Participant: 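Quick one: structure below, then a few questions.
Every chain is numbered from 1, with letters handed out A, B, ... down the list of sequences. This is a predicted model, so every value here is computed, not measured.
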Amino acid sequence: MTLTPFETLIIICMVTLGTMLTRFLPFLLFKGTKSKNSYIGYLGQVLPYSVIGLLVVYCLKDVSFTNPPYGLPEAIAILCITILHYWKENTLLSIGVGTVIYMFLVQTVFI
Amino acid sequence: MRENIKALKAAFPHTIPVFTGFTFLGIAYGILMNSKGYGVGWTVLMSLMAFAGSAQYVAITFLTTVFNPVYALLLTIMVNARHLFYGIAMLDKYKDAGKVKPYLIFGLCDETFSIVCSTEPPEGVSRSSFYFFITLLDHSYWVLGSAIGGLLGSMVSFNTKGLSFVLTALFVVIFVGQWKSQQDHKPAVIGVVCSVLCLAIFGSSNFIIPAMLAILAVLTIYHKGYVKDKKLIEEKA
């Protein structure tokens, strides 16, 4: 533990507060909106797909493609996950195999 | 009571993928926390209160440097800014949830969102209790998984390098699943392209907010075409 118990508790509260702000805000802001065909309704339909794309990029934000290993472990693991998930559509299998491949690559092949 | 059991039975099958994912992610989180010297109690408290996978992983960095609560708050908001979009997507479905609505919103994490946005309750099961049990089950898996990880972490030690890749793997899996289920790939492509461009322009520590704005802008431009396409499809039908 780097922080004291009191400091740790404060950090946990901050993470909770920050998360809850982002979760509750839309419901407080757009209380009266109801039409499915409204602009907000449209955003509600398409955003889920865009946001997951953003999340994938977010996870890879610190990967360097100009320095060794040139993002190869990530690329190989993601390729395996994509193929496996397209084929079997088993979430645990895809996540488990993908992670094990990645760990193997960064621990033994691309050190 | 019987109503509740019915809703729980209807909700459970939908949460099985999250059960597997969260057990894995939660265990990894508990082990990571443990490797930084934070025991199972802290891990469980964090999982119970924040219930936000990626923010909790990022929070490990707040717990292992100099105490800075304001920075922790701001970075959490940045990391979780995507939840603003989830809320917008669920406005309609959660509209009449009544008493459980605050809990539903509290528990609207990535994985819960990915289920509730794509499933409807079966006939005879109330919408609010169906979504309530999905949220409650997911929340329990997460807390339980991280507790197991926290306990395991103090017993076994192994090379955890690369373990946090489970998070990337999870989102790739959700992305592939959505891609398969949708015919219109434009929203997904817009999300990836805007994010990559903003990452290249603004750098890794500042790109989330610009990327969200860029996604909003492109989706707004695409709105007209989307409405037209939908009308064409409806006319054909």
Participant: Among residues 66-73 of chain A, which residues come closer than 4.5 Å to chain B, judged by heavy atom distances?
Facilitator: none
Participant: Side chain to side chain contact (heavy atoms under 4.5 Å, CB included), that's the test. Do A/R23 and B/C109 meet it? Break it down for me.
Facilitator: CA-CA 8 Å; A/R23 284 184 191 167; B/C109 62; 3.5 Å; yes
Participant: Where on B/K101 is there a heavy atom nearer than 4.5 Å to chain A: the side chain, the backbone, both, or neither?
Facilitator: side chain
Participant: I need the residue from B/G191, B/C198, B/A55 with the largest number of non-hydrogen atom pairs under 4.5 Å to chain A.
Facilitator: B/G191
Participant: Return yes if some donor-acceptor pair links the side-chain N/O of B/K180 with the main-chain N/O of A/Y86 below 3.5 Å, else return no.
Facilitator: yes
Participant: Below 4.5 Å, heavy atoms only, C-beta onward: do A/T82 and B/V172 meet side chain to side chain?
Facilitator: yes
Participant: Let me know if B/F19 has heavy atoms under 4.5 Å from chain A in its side chain, its backbone, both or neither.
Facilitator: neither
Participant: Can you tell me how far apart CD1 (A/I12) and CG (B/L45) are? Round to the nearest 0.5 Å.
Facilitator: 4.5 Å
Participant: For B/V58, which atoms come within 4.5 Å of any heavy atom of chain A: side chain, backbone, both, or neither?
Facilitator: side chain
Participant: Less than 4.5 Å apart, side chain to side chain, heavy atoms only: is that true for A/T16 and B/F51?
Facilitator: no
Participant: Examine whether an atom of B/L199 lies under 4.5 Å from a heavy atom of chain A, and if so say whether it belongs to the side chain, the backbone or both; otherwise answer neither.
Facilitator: side chain
Participant: Taking every heavy-atom pair that is under 4.5 Å apart, which of A/V106, A/L105, A/L60, A/L84 has the most such pairs with chain B?
Facilitator: A/V106
Participant: What verdict does the side chain to side chain contact (heavy atoms under 4.5 Å, CB included) test give for B/D110 and A/L55, after you've listed the backbone C-alpha separation in whole Å, the side-chain angles of each residue and the deciding distance to 0.1 Å?
Facilitator: CA-CA 10 Å; B/D110 302 310; A/L55 274 177; 3.8 Å; yes
Participant: Please tell me if the side chains of A/P26 and B/Y86 come closer than 4.5 Å, counting only heavy atoms from C-beta onward.
Facilitator: no
Participant: Mind listing the closest non-hydrogen atom pair of A/T99 and B/A169 along with its distance?
Facilitator: OG1-CB, 3.9 Å
Participant: Check whether any side-chain N or O of A/Q107 sits under 3.5 Å from a backbone N or O of B/K161 as a donor-acceptor pair, and report yes or no.
Facilitator: yes
Participant: Quick check on B/M212 against chain A: is it the side chain, the backbone, both or neither that has a heavy atom closer than 4.5 Å?
Facilitator: side chain
Participant: Just so I understand: if I count every heavy-atom pair under 4.5 Å between each of A/N90, A/I11, A/I81 and chain B, which residue has the most?
Facilitator: A/I11
Participant: What distance do A/K61 atom NZ and B/S205 atom OG have between them, rounded to the nearest 0.5 Å?
Facilitator: 8.0 Å
Participant: Measure across A/S50 and B/P187 and return the closest heavy-atom pair with its distance rounded to 0.1 Å.
Facilitator: OG-O, 2.8 Å
Participant: With only heavy atoms counted, which part of A/V51 is less than 4.5 Å from chain B, the side chain, the backbone, both or neither?
Facilitator: side chain
Participant: So which atom in B/Y38 and which in A/L3 form the shortest heavy-atom distance, rounded to 0.1 Å?
Facilitator: OH-N, 3.2 Å
Participant: Would one find more than 12 heavy atoms of other residues, nucleotides or ligands at under 6.0 Å from atom CZ of A/F110?
Facilitator: yes
Participant: Between B/L216 and chain A, which part of the residue has a heavy atom less than 4.5 Å away: side chain, backbone, both or neither?
Facilitator: both
Participant: Sort out for me which of B/I16, B/I208, B/L84, B/V18 touches chain A most, counting heavy-atom pairs under 4.5 Å.
Facilitator: B/L84
Participant: Sort out for me which of B/C194, B/A72, B/P69 touches chain A most, counting heavy-atom pairs under 4.5 Å.
Facilitator: B/P69
Participant: May I ask you to check whether A/Y58 and B/S54 show a side-chain donor-acceptor distance below 3.5 Å?
Facilitator: no
Participant: Ignoring hydrogens, what is the shortest heavy-atom contact between A/G53 and B/V192? Give both atom names and the distance.
Facilitator: CA-CG2, 3.7 Å
Participant: For chain A, which of B/L25, B/V196, B/I105, B/N80 has the most heavy-atom pairs under 4.5 Å?
Facilitator: B/I105
Participant: Is there side-chain contact between B/F165 and A/V100, with at least one heavy-atom pair below 4.5 Å?
Facilitator: no
Participant: Under 4.5 Å heavy-atom distance to chain B, tell me which part of A/L9 shows up: side chain, backbone, both or neither.
Facilitator: both
Participant: So which of B/T168, B/I77, B/V173 has the largest heavy-atom pair count under 4.5 angstrom toward chain A?
Facilitator: B/V173
Participant: Measure B/A52 against the heavy atoms of chain A and call it side chain, backbone, both or neither at under 4.5 Å.
Facilitator: both
Participant: If you define the side chain from C-beta out and look only at heavy atoms, does anything of B/F85 sit under 4.5 Å from A/L54?
Facilitator: no
Participant: Highest number of heavy-atom pairs under 4.5 Å with chain B: which of A/I78, A/L21, A/T4?
Facilitator: A/I78
Participant: Measuring heavy-atom distances to chain B, does A/E7 have an atom under 4.5 Å in its side chain, in its backbone, in both, or in neither?
Facilitator: both
Participant: For B/L63, is it the side chain, the backbone, both or neither that has a heavy atom under 4.5 Å from a heavy atom of chain A?
Facilitator: both
Participant: What part of A/I10 gets within 4.5 angstrom of chain B, counting heavy atoms only: side chain, backbone, both, or neither?
Facilitator: side chain
Participant: For B/H185 and A/Y49, run side chain to side chain contact (heavy atoms under 4.5 Å, CB included): C-alpha distance rounded to whole Å, both residues' side-chain angles, the deciding distance at 0.1 Å, then the answer.
Facilitator: CA-CA 8 Å; B/H185 297 314; A/Y49 306 103; over 6 Å; no
Participant: Check whether A/Y42 reaches the backbone of B/L219 with its side chain - one donor and one acceptor, N or O, closer than 3.5 Å.
Facilitator: yes
Participant: In Å, rounded to the nearest 0.5 Å, how long is the span from CD1 of B/I215 to CG of A/L43?
Facilitator: 11.0 Å
Participant: If you count heavy-atom pairs within less than 4.5 Å of chain A, which of B/H83, B/M33, B/M90 leads?
Facilitator: B/H83
Participant: Which is it for A/M14 and B/F62 under the side chain to side chain contact (heavy atoms under 4.5 Å, CB included) test, yes or no, and what are the steps along the way?
Facilitator: CA-CA 10 Å; A/M14 287 298 148; B/F62 315 145; over 6 Å; no
Participant: Do the side chain of A/T2 and the main chain of B/T65 share a donor and acceptor less than 3.5 angstrom apart?
Facilitator: no
Participant: To the nearest 0.5 Å, what is the distance between CG (B/L104) and CZ (A/F27)?
Facilitator: 8.5 Å
Participant: Can you tell me if B/Y71 has over 12 outside heavy atoms packed within less than 6.0 Å of its OH?
Facilitator: no
Participant: If you measure from CG on B/D92 to CZ on A/F30, what distance do you get to the nearest 0.5 Å?
Facilitator: 14.0 Å
Participant: Any idea which of A/S94, A/G98, A/G96, A/C59 has the most non-hydrogen atom pairs under 4.5 angstrom with chain B?
Facilitator: A/C59
Participant: For the atom pair CE (B/M46) and SG (A/C13), what is the distance rounded to the nearest 0.5 Å?
Facilitator: 9.5 Å
